[in-house]
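For reference, the structure is listed below as structure tokens.
The figures here come from the full heavy-atom set of this structure, side chains too, leaving out hydrogens, waters and symmetry mates.
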Amino acid sequence: MPTRRKYSQDDKKLAADIAQKLGTRAIVMVGLMGCGKSSVGRRVATRLQLPFVDADDEIEKRAGQTIADIFSEHGEAFFRDREKLVIASILEQGPLVLATGGGAFVAPETRALIKSASVSVWLKAELPVLMRRVLRRDNRPLLKTKDPEVVMRDLMAERYSIYAEADVTVESREVPHDVIVSDVLTAVAKRLALAPSPAV
């Protein structure tokens, strides 16, 4: 068993303050595939002592199909509609940390939903970092092409200006996950200090 990292009293207080100030809102991780939404989001949830949900996992569980199969059998429009409904259902469950698929925040209705019920965090990563990560696994429907790097460049050009609408932006880079988690918590804390308290 790996040893559990010990956090300082300041770390614990920051996490407790964030969890309290969130009220019923979620923290929603957005960004391109490979930026670390699930791995970082899971650790953020642990630090805040909140549930963690991966939207793609939830979609697959409810559909009884993989994301790749949904794409190939029904098309992207069908998938985006299903994704919106699942995310809406998850966000109704109260405070939690949610990792979304790469295209979720790009869809206008889903983006509006996330903005209204959460603090959104864009994990922004450079192309070399993304490519190293996504090529480790063969489960990306949008990258099943002869030149996945061209697809990724196009996605960055298309989506980065939209991801920039997230409440906070954190640089995802090749450092230990705990470093990114601390960056996320610091950025969210700053954002919450500026935001009005949620209605009780």
Side-chain angles (χ1 to χ4, degrees), residues 14-15 17-19 21-48 50-59 79-80 83-127 129-130 133-134 142 152-173 175 177-198:
L14 178 67
D17 288 347
I18 290 171
K21 283 196 174 183
L22 278 174
T24 59
R25 289 174 291 180
I27 292 177
V28 177
M29 316 300 291
V30 306
L32 270 186
M33 62 186 97
C35 70
K37 299 183 296 290
S38 294
S39 53
V40 172
R42 190 173 283 106
R43 289 168 172 83
V44 169
T46 298
R47 287 282 300 276
L48 298 178
L50 292 175
F52 171 77
V53 182
D54 184 294
D56 283 352
D57 288 349
E58 194 67 20
I59 291 165
F79 172 77
R80 295 299 170 205
E83 180 178 55
K84 178 185 69 177
L85 295 175
V86 169
I87 287 175
S89 170
I90 294 168
L91 290 176
E92 288 174 357
Q93 296 171 19
L96 48 77
V97 178
L98 171 64
T100 60
F105 198 69
V106 179
E109 289 183 19
T110 306
R111 183 164 69 254
L113 187 67
I114 291 170
K115 286 184 173 185
S116 70
S118 77
V119 176
S120 51
V121 178
W122 175 25
L123 291 181
K124 182 181 182 181
E126 298 301 325
L127 181 65
V129 173
L130 294 172
R133 293 174 180 175
V134 298
L142 294 178
M152 191 66 89
R153 285 183 186 278
D154 289 345
L155 288 171
M156 291 173 75
E158 171 193 332
R159 295 180 176 180
Y160 269 28
S161 62
I162 299 173
Y163 292 147
E165 295 182 30
D167 293 318
V168 300
T169 300
V170 171
E171 196 74 27
S172 179
R173 55 209 188 276
V175 295
H177 281 118
D178 277 339
V179 175
I180 308 298
V181 170
S182 293
D183 289 350
V184 169
L185 293 178
T186 299
V188 169
K190 288 180 180 176
R191 173 72 185 188
L192 289 172
L194 299 173
S197 300

- Item | Non-hydrogen atoms of A125 and Y160 that approach each other most closely | O-OH, 2.6 Å
- Task: Quick one: closest heavy-atom pair of I90 and V53, and the distance?
- Result: CD1-CG1, 3.7 Å
- Minimum heavy-atom distance between S120 and A166, given as atom pair plus value: OG-CA, 3.3 Å
- Between T110 and V106, is there a donor-acceptor pair closer than 3.5 Å when you use the side chain of the first and the backbone of the second? no
- Where the side chain of T24 meets the backbone of P95, is there a donor-acceptor pair that is under 3.5 Å apart? no
- Query: Is the side chain of Y163 donor-acceptor paired with the backbone N or O of L123 at a distance under 3.5 Å, no angle test?
  - Reply: no
- Here the gap from I87 atom CD1 to R80 atom CZ, rounded to the nearest 0.5 Å, amounts to 9.0 Å
- When you measure from the side chain of R111 to the backbone N and O of I162, does any donor-acceptor pair fall under 3.5 Å? no
- Message: What's the separation between atom OG1 in T100 and atom CG in D54, rounded to the nearest 0.5 Å?
- Response: 9.0 Å
- Message: Other residues, nucleotides and ligands only: do more than 12 of their heavy atoms fall within 6.0 Å of CD on E109?
- Response: no
- Query: So do the side chains of L48 and L185 get within less than 4.5 Å of each other, counting heavy atoms only?
  - Reply: yes
- Note on the structure: Here the gap from L22 atom CG to I27 atom CD1, rounded to the nearest 0.5 Å, amounts to 4.5 Å
- Nearest 0.5 Å, what's the CG-CZ distance between L32 and F105? 13.0 Å
- Test item: D183 and R173 side chains (from C-beta on) under 4.5 Å apart, heavy atoms: yes
- Let me know which of E126, K124, R133 forms a side chain to side chain donor-acceptor pair (under 3.5 Å) with S172. R133
- CG on D17 to CG on L192, rounded to 0.5 Å: 10.0 Å
- Compare every heavy atom of K37 with every heavy atom of C35, then report the nearest pair and how far apart it is. SG-CG, 3.3 Å
- Message: I need the minimum non-hydrogen distance between D167 and V119, along with the two atoms involved.
- Response: OD2-CA, 3.3 Å
- Message: Checking the side chain of R47 only, and the main-chain atoms of R43 only, is there a donor and an acceptor separated by less than 3.5 Å?
- Response: no
- Item | Shortest non-hydrogen contact between K84 and L113, atoms and distance | O-CD2, 3.9 Å
- Does the T186 side chain pair with the main chain of S182, one donor and one acceptor, at a distance under 3.5 Å? yes
- Criterion side-chain contact (heavy atoms from CB on, under 4.5 Å) on H177 and V40, from CA distance to verdict: CA-CA 6 Å; H177 281 118; V40 172; 4.0 Å; yes
